[in-house]
Amino acid sequence: MNTWNIIIEGFNKADITKHESIFSLGNGAMGMRANFEEDYTGDTLQGSYIGGIYYPDKTRVGWWKNGYPEYFAKVLNAPSWIGLHIKINGELLDLNTCLEVKNFRRQLNMKEGWYERSFTAMLPNQQEIQVKVLRFLSLRYDELSALRYEITPLTTDATIEIESYLDSGIKNSDANWDERFWNTISIATAENTAHILAETKKTGFMIQTFMQNDLFIDNEALSITPKENKKENYIGLQYEVKVKQNQTFRIEKYGGYSRSNDYSILSKSIALFDSLLEKQKEDWAAIWETSDIVIEGDEKAQQGIRFNIFQLNQTYSGKYAHLNIGPKGFTGEKYGGSTYWDTEAYCLPFYMATKGAEVARNLLMYRYNQLDKAIENAKKLGFTGGAALYPMVTMNGEECHNEWEITFEEIHRNGAIAFAIYNYTRYTGDESYLKDYGIEVLIGIARFWAQRVSFSEEKQKYVILGVTGPNEYENNVNNNFYTNYLASWCLRYAAEQVITLQKAGITKEETQQWLHIAQNIYLPYSEKYGVYLQQDGFLDKDLKPVTAIPAEERPLNQHWSWDRILRSPYIKQADTLQGFYFFEDHFTKEELQRHYEFYEPFTVHESSLSPCVHSVLASALGKTDEAYTLYLRTARLDLDDYNKEVHEGLHITSMAGTWLSIVEGFAGMRVKNGELHFTPRLPKHWKSLSFKVIFQGEIKEIKL
């Protein structure tokens with residue numbers, strides 16, 4: 001197994017869409033699936049995506065409820081720049097119709113940031129050719145991508161006709177009515193370059209898609225004036241070249257997206273393939289310098305963590321506060337490409353420790369910049385006085401999820417955002433964000449919780465009714481432990497910071513009310529089991545462990561009715577244990593062990609965000625073998641396609657959980673009193689573990 005490369009050999013049509021996801025590329029500003037450049041008439045999911053470009057698809061429901069989100073955001077499949085129509089002696093190159101495809105190989109070089117594909121194919125006209133393609137998305141120049149496509153005729157001399165094109169007539173695979181989301185404004189060409197200016201419908205994002213072509217035979221540059229093939233949403237530049245047997249024809253194509261009419265990037269000396277590739281290697285070397293994790297003695301685990309780190313860095317660079325991290329990143333359309341609570345709960349620690357405070361701060365600024373929208377979201381639901389409810393799913397701060405039990409009820413996301421502010425401050429030592437921006441976010445969140453609770457005369461406690469916790473296999477429950485505990489902590493933390501910072505405009509009476517509620521929130525508890533209950537009524541369920549479920553009925557969401565799932569005790573992902581993960585130092589080790597051993601047997605881990613939390617907690621309890629099994633499940637979730645859904649895209653945000661499983665799990669890293677502490681518990685077959693973290697502005701190198 002190659003720990004720096006993902007290599008897959010053999011042409012299997014059934015695996016094409018899966019491998020399009022695995023070999024996806026990105027540079028933080030844009031990304032693309034590993035679609036073939038040439039025509040392919042088999043099953044494929046064409047996908048190119050630009051950060052922050054979306055479409056507000058109007059919500060359609062049988063009946064409307066007040067406060068319902070007005071739209072569901074869709075990340076838009078962008079105009080395609082990679083396309084090549086290729087004919088060899090008049091025969092179209094299409095691997096789906098070739099007589100034979102052999103020596104097919106894909107390679108993702110994670111160390112240097114490029115993707116390569118090669119094969120030998122026998123076309124229907126009996127012409128055999130060898131093809132080699134190398135592609136990358138520049139880290140240094142956000143707008144720019146490059147590919148090198150080489151064709152060598154093996155049977156006879158060949159006339160190669162190649163049409164390099166741009167296409168803005170693109171659809172989303174998840175389009176409700178097979179509609180298109182782009183309007184083509186203009187098309188322009190000049191020598192070997194072409195541009196399409198297109199605008200998104202409704203949102204009005206204006207994007208210039210561009211390309212430039214350079215042609216060679218055996219490294220000798222060709223000077224050919226192309227023919228134009230111009231259509232409504234399409235521009236192709238056609239070339240015809242005669243190539244002798246065993247000679248290599250090469251096209252180097254540069255393309256990408258610009259939000260202005262400035263595509264001078266193509267006219268600069270950087271538009272030389274080898275020069276760009278060298279810069280790519282340099283930039284990835286700099287990333288790996290602080291983000292690599294080295295595991296001796298376990299190649300499977302080593303390759304898994306590097307794949308996860310690579311994809312996280314492809315998805316988010318930290319340059320822009322208006323961008324965030326979607327669950328699928330730039331690898332697919334599922335989940336609309338929007339921002340979830342995953343960013344604060346799982347991703348922030350990775351970027352904070354491997355890229356530094358400035359990048360992590362941008363993730364927090366994303367939420368501060370959307371505070372007004374969070375207040376609007378709360379107001380739509382009847383909350384007043386500056387109460388803020390951050391969206392479960394968003395592109396611009398507005399709630400845009402179309403499942404009511406998540407939109408209205410999964411309010412615990414507010415707490416994850418507050419916890420991220422606390423986590424950032426204690427880890428980086430930077431209190432300026434809290435003072436200048438974060439305090440406003442905390443106030444809005446505290447005002448929401450203060451209004452969301454109800455006072456129960458029977459319990460003489462504050463309760464929180466009608467919620468969904470992280471375990472989405474339970475809807476509309478009362479007194480979810482995680483939600484209640486998080487609300488109590490948020491109110492206390494916000495009050496303490498308002499008092500410490502002497503924040504003007506907040507009365508003593510208001511902070512005292514927050515503290516009163518925090519001290520009197522009801523937490524359901526079982527004296528029999530000595531554990532906090534996930535929610536009221538949890539013990540009324542038929543408490544059979546996961547081992548009682550027949551294997552052929554897993555995963556539950558693909559085999560059971562939703563009604564049956566909701567009545568079961570089975571937990572999709574860490575819920576009560578999510579609270580123990582966040583607030584580990586609030587509980588004794590004995591309490592953690594009781595709760596882990598009570599809830600783990602009911603947990604089906606059918607959320608990609610679940611195994612990592614359980615792995616960290618298992619490590620803390622000395623259950624290293626169990627922690628390792630859970631780690632592999634998250635580290636190789638996509639590489640080994642555990643859930644049989646990789647064709648839809650990768651699980652980007654859960655990849656940050658893989659990092660947590662190692663650094664907080666096996667290495668046992670914690671921040672206590674402004675210092676790093678480690679309690680290592682390595683899997684017994686690991687010889688060593690080493691990594692770096694940026695802590696309070698200094699790079700720390702750790703080897704265990």
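- Under a 3.5 Å cut-off, the side chain of Gln534 and the backbone N or O of Phe481 do not form any donor-acceptor pair.
- Outside the 6.0 Å centre-distance limit, the rings of Phe582 and Trp489 are not counted as a close aromatic pair.
- The minimum heavy-atom distance between Ser432 and Arg361, with the atom names listed, is OG-NH1, 3.0 Å.
- Tyr525 and Tyr532 have their aromatic ring centers within a separation under 6.0 angstrom.
- With a 4.5 Å cut-off on side-chain heavy atoms, Glu584 and Lys589 do not count as touching.
- Taking 4.5 Å as the limit, every side-chain heavy atom of Asn484 sits out of range of all side-chain heavy atoms of Tyr462.
- Checked by atom type, the side-chain pair Tyr351/Asn362 shows no donor-acceptor distance below 3.5 Å.
- For the residue pair Gly326 and Ile652, the shortest heavy atom distance occurs at O-CB, 3.8 Å.
- The main-chain N or O of Glu591 is found under 3.5 Å from a side-chain atom of Thr588 such that the two form a donor-acceptor pair.
- A donor-acceptor distance shorter than 3.5 angstrom exists from the side chain of Trp288 to the backbone of Met110, with no hydrogens or angles considered.
- When ring centroids are compared, Trp686 and Phe666 come within the 6.0 Å threshold.
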**Prompt:** Does the side-chain contact (heavy atoms from CB on, under 4.5 Å) test come out yes or no for Tyr631 and Ser619, once each step is laid out?
**Reply:** CA-CA 10 Å; Tyr631 161 76; Ser619 287; over 6 Å; no
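- Within the 4.5 Å cutoff, the side chain of Leu609 has no heavy atoms near those of the His651 side chain.
- In Glu431, the CD atom is not crowded: 12 or fewer heavy atoms of neighbouring residues, nucleotides or ligands sit closer than 6.0 Å.
- Contact record, Thr315 with Gly329: CG2-CA, 3.7 Å, taken as the closest heavy-atom pair.
- Side-chain contact between Tyr570 and Ile549: present, with at least one pair of heavy atoms (C-beta onward) separated by less than 4.5 Å.
- With a 4.5 Å cut-off on side-chain heavy atoms, Ile464 and His412 do not count as touching.
- Of the inter-residue distances, the one linking Asp585 atom CG with Lys672 atom NZ reads 8.0 Å to the nearest 0.5 angstrom.
- Contact detail for Lys461 and Gln519: the closest heavy-atom pair is NZ-O, 4.4 Å.
- For the atom pair Asn479 CG and Asp536 CG, the distance stands at 4.5 Å (nearest 0.5 Å).
- Taking the six-membered ring where the residue is Trp, the centroids of Phe307 and Phe310 are separated by 6.0 Å or more.
- Remark: side-chain polar atoms of Glu344 are not paired, donor with acceptor, to backbone N or O of Leu364 under 3.5 angstrom.
- Atom NZ of Lys435 is surrounded by 12 or fewer heavy atoms from other residues, nucleotides or ligands within 6.0 Å.
- Judged by distance alone, the side chain of Thr468 and the main-chain N or O of Glu409 form no donor-acceptor pair under 3.5 Å.
- Side-chain atoms of Arg106 and Tyr115 include a donor-acceptor pair closer than 3.5 Å.
- Using a 4.0 Å cut-off between a side-chain N of Lys or Arg and a carboxylate O of Asp or Glu, Glu333 and Arg33 do not qualify as a salt bridge.
- Once rounded to the nearest 0.5 Å, the distance linking SG of Cys347 with CG of Leu312 reads 6.5 Å.
- Listed for the Lys328 side chain is a donor-acceptor partner under 3.5 Å among the backbone atoms of Gly649.
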**Message:** For Arg633 and Thr629: C-alpha separation, side-chain torsions, deciding distance, then whether side chain to side chain donor-acceptor pair (under 3.5 Å) applies.
**Reply:** CA-CA 6 Å; Arg633 180 162 181 167; Thr629 299; over 6 Å; no
**Pair Asp292-Trp4, side-chain contact (heavy atoms from CB on, under 4.5 Å): steps then yes or no** = CA-CA 11 Å; Asp292 190 23; Trp4 276 112; 3.6 Å; yes
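- Side chain to side chain, Gln311 and Gln314 meet the donor-acceptor criterion of an N or O pair below 3.5 Å.
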**Request:** Step by step, work out the ring pair (Phe, Tyr, Trp, His ring centres under 6.0 Å) result for Phe583 and Phe419.
**Result:** CA-CA 10 Å; Phe583 303 109; Phe419 184 82; 5.5 Å; yes
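- The two residues Gly356 and Ile694 come nearest to each other via the heavy atoms N-CD1, 3.8 Å.
- A heavy-atom distance below 4.5 Å is not found between the side chains of Leu577 and Thr603.
- Residue Ala416 comes nearest to Trp341 through the heavy atom pair CB-CE3, 3.8 Å, listed as atom of the first residue, atom of the second, then distance.
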**Message:** Checking Phe587 against Tyr485 for the ring pair (Phe, Tyr, Trp, His ring centres under 6.0 Å) test, could you report, in this order, the C-alpha distance in whole Å, the side-chain angles of both residues, the deciding distance, and whether it holds?
**Reply:** CA-CA 12 Å; Phe587 305 97; Tyr485 197 90; 5.5 Å; yes
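- A 6.0 Å sphere centred on CD of Glu701 holds no more than 12 heavy atoms belonging to other residues, nucleotides or ligands.
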**Test side chain to side chain donor-acceptor pair (under 3.5 Å) applied to Tyr424 and Asp430, step by step** = CA-CA 8 Å; Tyr424 170 85; Asp430 171 22; 2.5 Å; yes
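- Between the side chain of Ser615 and the main chain of Pro611, no donor-acceptor pair closer than 3.5 Å is present.
- Between Trp562 and Tyr473, the distance separating the two ring centers is shorter than 6.0 angstrom.
- Using a cut-off of 4.0 Å between Lys/Arg side-chain N and Asp/Glu carboxylate O, Lys541 and Glu474 are scored as salt-bridged.
- In this structure, OH on Tyr346 lies 14.0 Å from OH on Tyr340, to the nearest 0.5 angstrom.
- Asn471 contributes a side-chain N or O that, together with a main-chain N or O of Lys572, makes up a donor-acceptor pair within less than 3.5 Å.
- Annotation: side chain of Tyr599 is in contact with side chain of Phe538 (closest heavy-atom distance under 4.5 Å).
- Considering CG of Asn414 and CZ of Phe448, their distance stands at 5.5 Å, rounded to 0.5 Å.
- The neighbour count for Lys281 NZ, taken as heavy atoms of other residues, nucleotides or ligands under 6.0 Å away, is above 12.
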**Request:** Decide side-chain contact (heavy atoms from CB on, under 4.5 Å) for Arg670 and Glu664; before the verdict, give the C-alpha distance in whole Å, the side-chain angles of both, and the deciding distance to 0.1 Å.
**Result:** CA-CA 7 Å; Arg670 300 290 188 275; Glu664 295 184 0; 3.7 Å; yes
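- The closest side-chain heavy-atom distance from Tyr427 to Val693 is below 4.5 Å.
- Using a distance-only test at 3.5 Å, with no hydrogens or angles considered, a donor-acceptor pair links the side chain of Glu606 to the main chain of Leu556.
- Checked by atom type, the side-chain pair Arg636/Gln303 shows a donor-acceptor distance below 3.5 Å.
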**Item:** Stepwise side-chain contact (heavy atoms from CB on, under 4.5 Å) check, Tyr628 with Asp298
**Value:** CA-CA 11 Å; Tyr628 178 74; Asp298 192 338; 2.4 Å; yes
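- With hydrogens and angles disregarded, no donor-acceptor distance shorter than 3.5 Å links the side chain of Ser607 to the backbone of Gln573.
- Between Asp542 and Arg567, none of the side-chain N atoms (NZ, or NE/NH1/NH2) sits under 4.0 Å from a carboxylate O, so this pair counts as no salt bridge.
- Aromatic pair Tyr368/Tyr433: centroids not less than 6.0 angstrom apart.
- Here CG of Leu630 is found 11.5 Å from OG1 of Thr658. Values are rounded to the nearest 0.5 Å.
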